[in-house]
Amino acid sequence: MTDDEYLEALLTLPAIRQPLVADDGAWVAWTWLRAGPTTDVYVVPTDGSAAPLRLTQTSENTTLVSWTPDSQAVLVAQDRSGNERTRLFRVDLNRPGVLLPLTEPDPHYFIRGGQLHPDGRRLLYGANFDAATGAEIEPTWIYSHDLVSGERQPLARPQLGGTGAPRLSPDGAWIVYARADAHPAGRQIWLVATAGGEDRELFNFGPEIKVSASWFPDSQRLVVLADTPTHRRV
């Protein structure tokens, strides 16, 4: 086998991305690349009692985004021919292969993340989109999308662009998200209420330092990671 043939063989090996455990701890879902003609989402019991279950199977690549709060469904993202203009869907564990659309197809903006609120009605995500004008914009705003009325309420309006996905607290009261308003190389963590009205900076270790955060199950504490020149610190 030549070096080129060896590299080609490595690039065709299946790979697992984004493993996420459900809130009830009973399931883990993930995105499985190169296990078939397209990328798809699978789920398996965490106790190993059953074989993996394929939740999606379409002609387009589909990736895992999040679990629903009741641990009975996942949210997935799908674009068209790799254009990264994703549409969000819900897939229930008891209805594999059935993709229930939550957002419009082939939008003219990019959606970052996507989590269903515990009330089952609101969808929270980031999008470089001004709902008032319909225009695509550079910064990624944080939105609360009412799935019944279709209304999109901007909860936070960063000044500059960003690619990170907002993270909803388990109780549905807060969202942590990243801003890069101070310097394009850095990232600071902000907190905004899902009810609107409060948006403030939480963690800033310097304008050029990248920071990330995720929730504890109690919705009162965060695990925060900050870059240093040699490593990441907790």
Side-chain angles (χ1 to χ4, degrees), residues 1-68 71-103 105-107 109-116 125-128 140 161-168 177-178 187 210-215 223 225 227 231-232 234:
M1 181 181 289
T2 67
D3 289 345
D4 287 345
E5 290 172 336
Y6 180 64
L7 177 60
E8 182 65 25
L10 288 177
L11 293 176
T12 59
L13 288 173
I16 286 176
R17 297 285 186 273
Q18 304 160 287
L20 292 176
V21 177
D23 286 348
D24 65 4
W27 299 90
V28 60
W30 70 92
T31 302
W32 212 339
L33 290 74
R34 298 185 292 275
T38 57
T39 297
D40 280 299
V41 177
Y42 290 72
V43 66
V44 70
T46 53
D47 62 5
S49 59
L53 173 65
R54 187 174 188 167
L55 290 180
T56 65
Q57 187 172 6
T58 72
S59 60
E60 300 286 0
N61 289 328
T62 309
T63 58
L64 177 65
V65 177
S66 64
W67 280 93
T68 56
S71 301
Q72 297 303 303
V74 296
L75 301 193
V76 302
Q78 187 179 90
D79 63 7
R80 288 186 178 178
S81 303
N83 66 359
E84 298 184 10
R85 306 285 185 161
T86 57
R87 185 182 197 182
L88 297 180
F89 297 85
R90 173 185 174 129
V91 184
D92 292 299
L93 298 187
N94 61 1
R95 300 178 67 194
V98 180
L99 278 66
L100 304 174
L102 301 177
T103 59
D106 201 22
Y109 52 87
F110 299 102
I111 292 178
R112 309 296 183 187
Q115 288 180 269
L116 191 66
Y125 55 79
N128 62 322
T140 296
T163 59
R167 292 175 180 262
L168 177 67
Y177 69 99
R187 191 163 58 217
K210 286 185 171 64
V211 186
S212 62
S214 58
W215 289 100
V223 176
L225 296 176
D227 286 352
H231 63 283
R232 305 185 78 192
V234 179

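These values consider heavy atoms only, across backbone and side chains, with no hydrogens, waters or symmetry-generated copies.
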Partner set under side-chain hydrogen bond (donor to acceptor under 3.5 Å, both in side chains) for T68, not counting sequence neighbours: D70

Any residue meeting side-chain contact (heavy atoms from CB on, under 4.5 Å) with A35, in chain and number order, not counting sequence neighbours: W32, Y42

R167, CZ: over 12 other non-hydrogen atoms inside 6.0 angstrom: no

Show the atom names and distances, to 0.1 Å, of all donor-acceptor pairs under 3.5 Å that link a side chain in residues 91-100 to residues at least two apart or in another chain.
unit_1: D92; atom_1: OD1; unit_2: R90; atom_2: NE; d: 2.9
unit_1: D92; atom_1: OD1; unit_2: R90; atom_2: NH2; d: 3.0

Heavy-atom closest pair, residues E5 and M1: OE1-CA, 3.4 Å

side-chain hydrogen bond (donor to acceptor under 3.5 Å, both in side chains) partners of T46, counting only residues at least two apart: none

Passing candidate, side chain to side chain contact (heavy atoms under 4.5 Å, CB included) with V65, options I111, L116, L88: L88

Side chains of V74 and V43 in contact at under 4.5 Å (non-hydrogen atoms): no

Partner residues of S49 under the side-chain contact (heavy atoms from CB on, under 4.5 Å) criterion, sequence neighbours left out: P45, D47

Any residue meeting side-chain hydrogen bond (donor to acceptor under 3.5 Å, both in side chains) with S212, in chain and number order, not counting sequence neighbours: R232

side-chain hydrogen bond (donor to acceptor under 3.5 Å, both in side chains) partners of residues 77-86, not counting sequence neighbours, each pair once: T58-Q78, T62-Q78, N83-D106, R85-E136

Nearest non-hydrogen partners of Q72 and D24, listed with the distance: NE2-OD2, 4.5 Å

S71 backbone acceptor or donor facing D23 side chain under 3.5 Å: no

Least distance between heavy atoms, T140 atom then A127 atom: CG2-N, 3.4 Å

Those residues that, when tested against W67, pass ring pair (Phe, Tyr, Trp, His ring centres under 6.0 Å) (two or more places apart): none

With a 3.5 Å cut-off and sequence neighbours excluded, list the donor-acceptor pairs that the side chains of residues 13-21 form with protein atoms.
unit_1: Q18; atom_1: OE1; unit_2: T31; atom_2: OG1; d: 2.8
unit_1: Q18; atom_1: NE2; unit_2: L64; atom_2: O; d: 2.9

NZ on K210 to CG on L225, rounded to 0.5 Å: 14.0 Å

Value rounded to 0.5 Å, distance of OG1 in T103 from OH in Y109: 6.5 Å

Under the ring pair (Phe, Tyr, Trp, His ring centres under 6.0 Å) test, residues paired with Y125 that sit two or more places apart: H145

